[in-house]
Amino acid sequence: MTVSTTAKTYLNHINGEWVSSLNEEVEASINPANKNEIVGYIQKSIKEDLENATKAAHGAKKSWRKMGQAERGQFLFKVANILEENLNEIAETMTKEMGKTLPEAKGETARGVAILRYYAGEGMRKDGDVIPSSDKDALMFTRRTPLGVIGIITPWNFPVAIPIWKIAPALVYGNTVVFKPATEAAVTAAKVVECFDRAGLPKGVVNFVTGSGSVIGQQLIDHPLLDAITFTGSENVGKRVAKSASSRGVKFQLEMGGKNPVIVTKDADLDAAVEAVISGGFRSTGQKCTASSRVIVENQVYDSFVEKLVQETKKITVGDGLKEGIWMGPCASESQFNTVKKYIELGKEEGATLITGGETLTGEEFDKGFYITPAIFGNVQQTMKIAQEEIFGPVIALLRATNLEEAIEIANNTRYGLSASIFTSHISSLLKFIDDMDAGLVRINAESAGVELQAPFGGMKASSTGSREQGEAAKEFYTAIKTVFIKG
Ligand code: NDP
């Protein structure tokens, strides 16, 4: 990698100021489509920086909490407008920094705008309920109250949407935040924070610190001034968050991995199923926590489904996501690329059949990036690692089932329970699936990876801690309930 003299340096945002790390060290963020290109430099912060950010959030929490909810919502409307004005530039940065194609990056940024407007509207909605008291002379009601300072740690796969679906509800419900983004996508995150800053939020309400997860991330989750922590990322780090937060008795929320199944029954519309599996499995290069990674097909239609799936997968164009006509970008980083390659080899060693893809692309343009072709394994057994572990790449495992009962059993045979989908035209099959599938998102005749911002999002089993993000459900995490009793 060459040092760039033109790439911009992005700062931390602490107590309303854009500041360098106290040690003045920076780290380059590189383009996974071209590892010689530096997208920007970010601060390689040290513990003192994080300490300052946390103190600032703590210092601002009283006045922010006192401000009315409606007024806090007005700030979010402003942020939404600023993000919308800068949508193209931010989406382009996202594509350059983590590789997803430009149309997907634009879609994600537009989603960020919509999330902001949704939570801005929350400013005008009720913050409690009146409950009849058994004392007829009393008034009893609940009021939502902010938690205080929220620590926010996000991954690189949705560098605009995930930070916003955490920061926006945290703010509107009256909390201040310390936000540590994934290093892999920290330039994009800095541009999101610029939108919050330009909306004129009071100082200390949104604080932003970049740097290593194991240093400042760990310090953030252990910090005594935090009142709650929300995390999306790997199970490994999630467990650390759980341990640290529960030892201090603070609220925490974890969204982690998935090994999301799609069931294709003998009466399914196979063309629709193929389209959904390709979209769910390979968009964003398979780097979605809701990505389809296991496809369980009833024996009667297995061969015809696989034939169509392979035919369509071979049409996928892989390349730099900024280029027109490219459907799938590179893996987001060298380490993701190596992980995917490792699982491709593992699948072969385990005895699965690599039907198509899984090749590292080479040649002038491809040598500079982390490109791999979308892979489909057949003959996969439930116990294989490629059927059990989250790969987070463009790899689909095909499994056979003799009937629906067995298909659901296979689908549930995983530690995870984030998202699951079924393709069927039988009402009894879909009702059984809804009842028996252990997943937080259960989708019928639709891809596993769709999420709507106004609906609860989250998983079961090892995918989540059970609390939900987005929509009205976010209020449960970002507030506490006070039950008020007034005797007349
Ligand atoms: P991590 O869990 O390591 O990273 C997620 C976030 O946690 C990043 O901001 C990271 O910072 C931070 N972090 C890392 N270590 C610590 C720590 N000790 N204390 C506090 N914060 C920490 O995920 P990876 O990016 O390494 O991805 C690894 C795997 O995780 C993927 O292959 C995938 O399987 C899964 N994953 C799941 C996601 C989901 O949406 N459910 C999203 C991303 C990953 P930094 O970037 O500086 O390391």
Side-chain angles (χ1 to χ4, degrees), residues 21 27 29 32 42-47 49-50 97-100 108 151-159 161-163 165-166 178-189 208-223 226 229-245 252-260 284-291 293 331-343 370 385-386 388-395 414-419 440-441 448-449 451 457-459 461-465 469-470:
S21 162
E27 190 170 343
S29 179
I42 51 150
Q43 302 302 306
K44 207 171 170 183
S45 304
I46 53 173
K47 292 192 170 182
D49 300 311
L50 196 275
E97 197 174 26
M98 57 70 66
K100 74 173 60 167
E108 183 186 333
I152 295 178
I153 300 181
T154 58
W156 41 263
N157 60 337
F158 285 94
I162 295 181
W165 84 46
K166 292 178 188 293
V178 180
F179 167 35
K180 187 232 145 337
T183 300
E184 211 61 67
V187 170
T188 310
F208 170 72
V209 188
T210 59
S212 151
S214 58
V215 180
I216 59 157
Q218 186 67 42
Q219 188 196 358
L220 183 60
I221 63 182
D222 292 335
H223 206 289
L226 278 199
I229 180 136
T230 173
F231 167 82
T232 302
S234 67
E235 219 186 318
N236 222 3
V237 178
K239 281 183 184 154
R240 287 168 178 265
V241 175
K243 197 170 165 206
S244 181
F252 62 96
Q253 173 181 65
L254 312 176
E255 286 305 336
M256 300 168 290
K259 193 69 192 170
N260 311 294
S284 285
T285 322
Q287 300 165 137
K288 292 183 185 179
C289 47
T290 51
S293 60
C331 296
S333 65
E334 188 161 16
S335 85
Q336 282 305 126
F337 177 63
N338 289 335
T339 303
V340 175
K341 286 200 296 186
K342 182 193 87 182
Y343 276 105
F370 308 122
K385 288 197 169 122
I386 59 163
Q388 290 295 333
E389 295 178 9
E390 185 180 48
I391 300 173
F392 228 58
V395 184
T414 163
R415 313 175 48 253
Y416 297 108
L418 185 52
S419 175
L441 306 166
S448 68
V451 168
F457 172 74
K461 304 198 282 189
S463 292
S464 156
T465 37
E469 300 194 85
Q470 304 200 61

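Owing to the predicted nature of the structure, the values given are computational and were not obtained by experimental measurement. When a ligand or atom number is given, it counts from 1 through the structure's own listing order.
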Self-check item: Set of side chain to side chain donor-acceptor pair (under 3.5 Å) partners for T285, sequence neighbours left out
Solution: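 Partners of T285 under the side chain to side chain donor-acceptor pair (under 3.5 Å) test: none.
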Nearest to [atom] by heavy atom, [options]: which?
atom	options	answer
atom 15 (N) of ligand 1	I391, V237, N157, T232	V237
atom 37 (C) of ligand 1	G233, G257, S333, G258	G233
atom 33 (C) of ligand 1	E390, E389, E27, Q287	E390
atom 46 (O) of ligand 1	T183, I152, V215	T183
atom 17 (C) of ligand 1	G213, A185, G217	G213

Answer whether the closest heavy-atom distance between the side chains of [X] and [Y] falls below 4.5 Å.
X	Y	result
N157	I162	yes
W156	E97	no
F392	C331	no
M98	T188	no
W165	F457	yes
I152	T230	yes
L50	H223	yes

Quiz item: Strictly under 4.0 Å, does any heavy atom of Q336 approach an atom of ligand 1?
Solution: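 Checking ligand 1 against Q336, which is what was asked, there is a heavy-atom contact under 4.0 Å.
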Quiz item: Does ligand 1 have any atom that is closer than 4.0 Å to a heavy atom of F231?
Solution: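 Flag set, F231 near ligand 1.
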Does ligand 1 have a heavy atom under 4.0 Å from the side chain of [X], from its backbone, from both, or from neither?
X	result
S335	neither
I153	side chain
W156	side chain
R240	side chain

For [atom], the protein heavy atom that lies nearest, with its residue and separation:
atom	value
atom 42 (C) of ligand 1	P155 CB, 3.3 Å
atom 18 (N) of ligand 1	Q218 OE1, 3.0 Å
atom 11 (O) of ligand 1	K180 NZ, 3.1 Å
atom 44 (C) of ligand 1	F392 CE2, 3.8 Å
atom 41 (N) of ligand 1	M256 O, 2.6 Å
atom 39 (C) of ligand 1	C289 CB, 3.5 Å

Taking all non-hydrogen atoms of both residues, which atom of [X] and which atom of [Y] are closest, and how far apart?
X	Y	result
S463	G417	OG-N, 2.9 Å
M256	L418	O-CD2, 4.4 Å
E469	E255	OE2-CG, 2.9 Å

Exercise. Verify whether one side chain among D222 and S244 offers a donor that lies under 3.5 Å from an acceptor in the other.
Key: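 Side chains of D222 and S244: pair found under 3.5 Å.
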Exercise. Under 4.0 Å from a heavy atom of S212: give me the atoms of ligand 1 that qualify, with their elements.
Key: 47 (O)
Self-check item: Numbering as shown, the atoms of ligand 1 that approach P181 to under 4.0 Å (heavy-atom distance)
Solution: 9 (O)
Quiz prompt | Heavy atom of protein closer than 4.0 angstrom to atom 26 (O) of ligand 1 | solution =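 No.
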Quiz item: Is the shortest distance from atom 21 (N) of ligand 1 to a protein heavy atom below 4.0 Å?
Solution: yes
N or O pair under 3.5 Å between [X] and ligand 1:
X	answer
T154	yes
S234	yes
G211	yes

Self-check item: Partners passing ring-ring contact (aromatic ring centres under 6.0 Å, His included) against Y416 (at least two apart in sequence or in another chain)
Solution: none
Quiz item: Which class fits the ring pair F370 and F337: parallel under 30°, tilted 30 to 60°, perpendicular over 60°?
Solution: tilted
